[in-house]
Amino acid sequence: MRKLNAFYRMLILFSVLALLAKGFGLLTTWNEVPLWIMIQVFLFTGVSHFTPLRHEFVKMIPPMVPGKMFWVYFTGVVEILGAIDLMDPRTRHYAAWALIGLLVVMFPANYYAAKNNISFRGTKPQPALQRGLVQILFITALYVGGIL
């Protein structure tokens, strides 16, 4: 049996935490479950842009994009601020739309990494179709949790 990569283990953990929060009454509606999963995902991945993993993110950016490290830091800041704004009902709607836009804009880097077999921390990249489906799942979660 193949071991789940760290990305999927993280996603499962964040999903379990959000479901437990709903079960214990910390979340009032079911729409908040995908919202809080996305908050955790974007906080975690945003912070990782400022760790040694930033060099792994740089490898994913297509060669024609200048200033790769700038974009890694920039997207990290946007992810962190977006996650924080998802927590506030007054800014949630705007943050969800902004993060949906970010996911769309960042997809070419994920596609490039998949098509060019660029590993992340020594792990084989997800196939482009699989990564695309994850992006659609994240967009749906942001829409359900932050916009509806």
Side-chain angles (χ1 to χ4, degrees), residues 1-22 26-27 31-89 91-147:
M1 188 167 132
R2 204 174 86 160
K3 185 173 97 171
L4 283 176
N5 71 27
F7 173 79
Y8 289 113
R9 290 193 311 263
M10 173 195 73
L11 198 52
I12 290 168
L13 173 65
F14 292 161
S15 298
V16 167
L17 290 173
L19 288 169
L20 285 171
K22 174 66 175 133
L26 300 173
L27 303 178
N31 285 20
E32 290 178 299
V33 172
L35 173 71
W36 282 94
I37 293 168
M38 291 293 93
I39 289 169
Q40 294 172 92
V41 165
F42 282 109
L43 277 175
F44 183 83
T45 57
V47 168
S48 69
H49 284 68
F50 299 93
T51 70
L53 287 176
R54 67 187 178 276
H55 302 290
E56 300 290 323
F57 290 115
V58 164
K59 293 188 306 185
M60 295 173 63
I61 300 173
M64 73 285 280
V65 177
K68 290 175 180 43
M69 191 58 77
F70 166 80
W71 292 112
V72 169
Y73 289 138
F74 178 79
T75 56
V77 167
V78 171
E79 289 179 15
I80 293 167
L81 292 176
I84 291 168
D85 282 344
L86 284 175
M87 293 180 211
D88 185 346
T91 57
R92 181 173 295 153
H93 180 84
Y94 303 109
W97 278 118
L99 289 170
I100 287 170
L102 181 67
L103 287 170
V104 170
V105 169
M106 289 189 323
F107 184 73
N110 290 304
Y111 182 81
Y112 171 80
K115 285 300 181 187
N116 292 285
N117 206 28
I118 296 171
S119 66
F120 192 87
R121 294 183 62 196
T123 303
K124 183 180 174 193
Q126 299 170 341
L129 177 61
Q130 184 178 350
R131 186 58 189 155
L133 293 173
V134 170
Q135 295 283 104
I136 290 169
L137 178 69
F138 283 3
I139 288 169
T140 303
L142 285 166
Y143 186 79
V144 168
I147 297 169

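The figures that follow rest on heavy atoms only: side chains count, while hydrogens, waters and symmetry mates do not.
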**OP:** Starting from the C-alpha separation in whole Å, work towards a yes-or-no answer on side chain to side chain contact (heavy atoms under 4.5 Å, CB included) for Val134 and Tyr8.
**Re:** CA-CA 10 Å; Val134 170; Tyr8 289 113; 3.7 Å; yes
**OP:** Only counting residues at least two apart or in another chain, list the ones meeting side chain to side chain contact (heavy atoms under 4.5 Å, CB included) with Tyr112.
**Re:**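 Per chain and number, Tyr112 pairs via side chain to side chain contact (heavy atoms under 4.5 Å, CB included) with Pro62, Pro63, Asn116, Ile118.
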**OP:** For Ile139, enumerate each residue passing the side chain to side chain contact (heavy atoms under 4.5 Å, CB included) test, keeping only those at least two apart in sequence or located in another chain.
**Re:**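 In terms of side chain to side chain contact (heavy atoms under 4.5 Å, CB included), with neighbours along the sequence ignored, Ile139 is linked to Ile100, Leu103, Val104.
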Subject >> Partner set under side-chain hydrogen bond (donor to acceptor under 3.5 Å, both in side chains) for Asp88, not counting sequence neighbours >> reply: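 Result, side-chain hydrogen bond (donor to acceptor under 3.5 Å, both in side chains) vs Asp88: Arg90.
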Subject >> For Tyr94, side-chain hydrogen bond (donor to acceptor under 3.5 Å, both in side chains) partners two or more places apart >> reply: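 Tyr94 satisfies side-chain hydrogen bond (donor to acceptor under 3.5 Å, both in side chains) with no residue once adjacent residues are dropped.
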Original post:
What pairs with Glu56 under salt bridge (charged side-chain N to carboxylate O under 4.0 Å, His left out), at least two apart in sequence or on another chain?
Top reply: Lys59
Using every non-hydrogen atom in the two residues, find where [X] and [Y] come nearest and quote the distance to one decimal.
X      : Y      : value
Ala83  : Leu99  : N-CD1, 4.2 Å
Arg92  : Gly145 : CD-O, 3.7 Å
Phe107 : Arg131 : CE1-C, 4.1 Å
Leu142 : Ala96  : O-CB, 3.7 Å

Subject >> Residues Gln135 and Tyr111: side-chain donor-acceptor under 3.5 angstrom >> reply: no
**OP:** Return the set of residues passing ring-ring contact (aromatic ring centres under 6.0 Å, His included) with Phe120 (not counting sequence neighbours), or none when no residue passes.
**Re:** Phe57
Subject >> Rounded distance (nearest 0.5 Å) linking atom CG of Asn110 with atom CD of Gln130 >> reply: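 Taking CG in Asn110 and CD in Gln130, the distance rounds to 11.5 Å.
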**OP:** May I have all residue pairs that pass side-chain hydrogen bond (donor to acceptor under 3.5 Å, both in side chains) and include part of residues 97-107, sequence neighbours excluded?
**Re:** His93-Trp97
Under 3.5 Å, sequence neighbours excluded: what are the donor-acceptor pairs made by side chains of residues 33-51?
unit_1 : atom_1 : unit_2 : atom_2 : d
Gln40  : NE2    : Phe14  : O      : 3.1
Gln40  : NE2    : Trp36  : O      : 3.0
Thr45  : OG1    : Val41  : O      : 2.8
Thr45  : OG1    : Glu79  : OE1    : 2.7
Ser48  : OG     : Thr45  : O      : 2.6
His49  : ND1    : Thr45  : O      : 2.6
His49  : NE2    : Thr75  : OG1    : 3.4
Thr51  : OG1    : Ser48  : O      : 2.8
Thr51  : OG1    : Leu53  : N      : 3.2

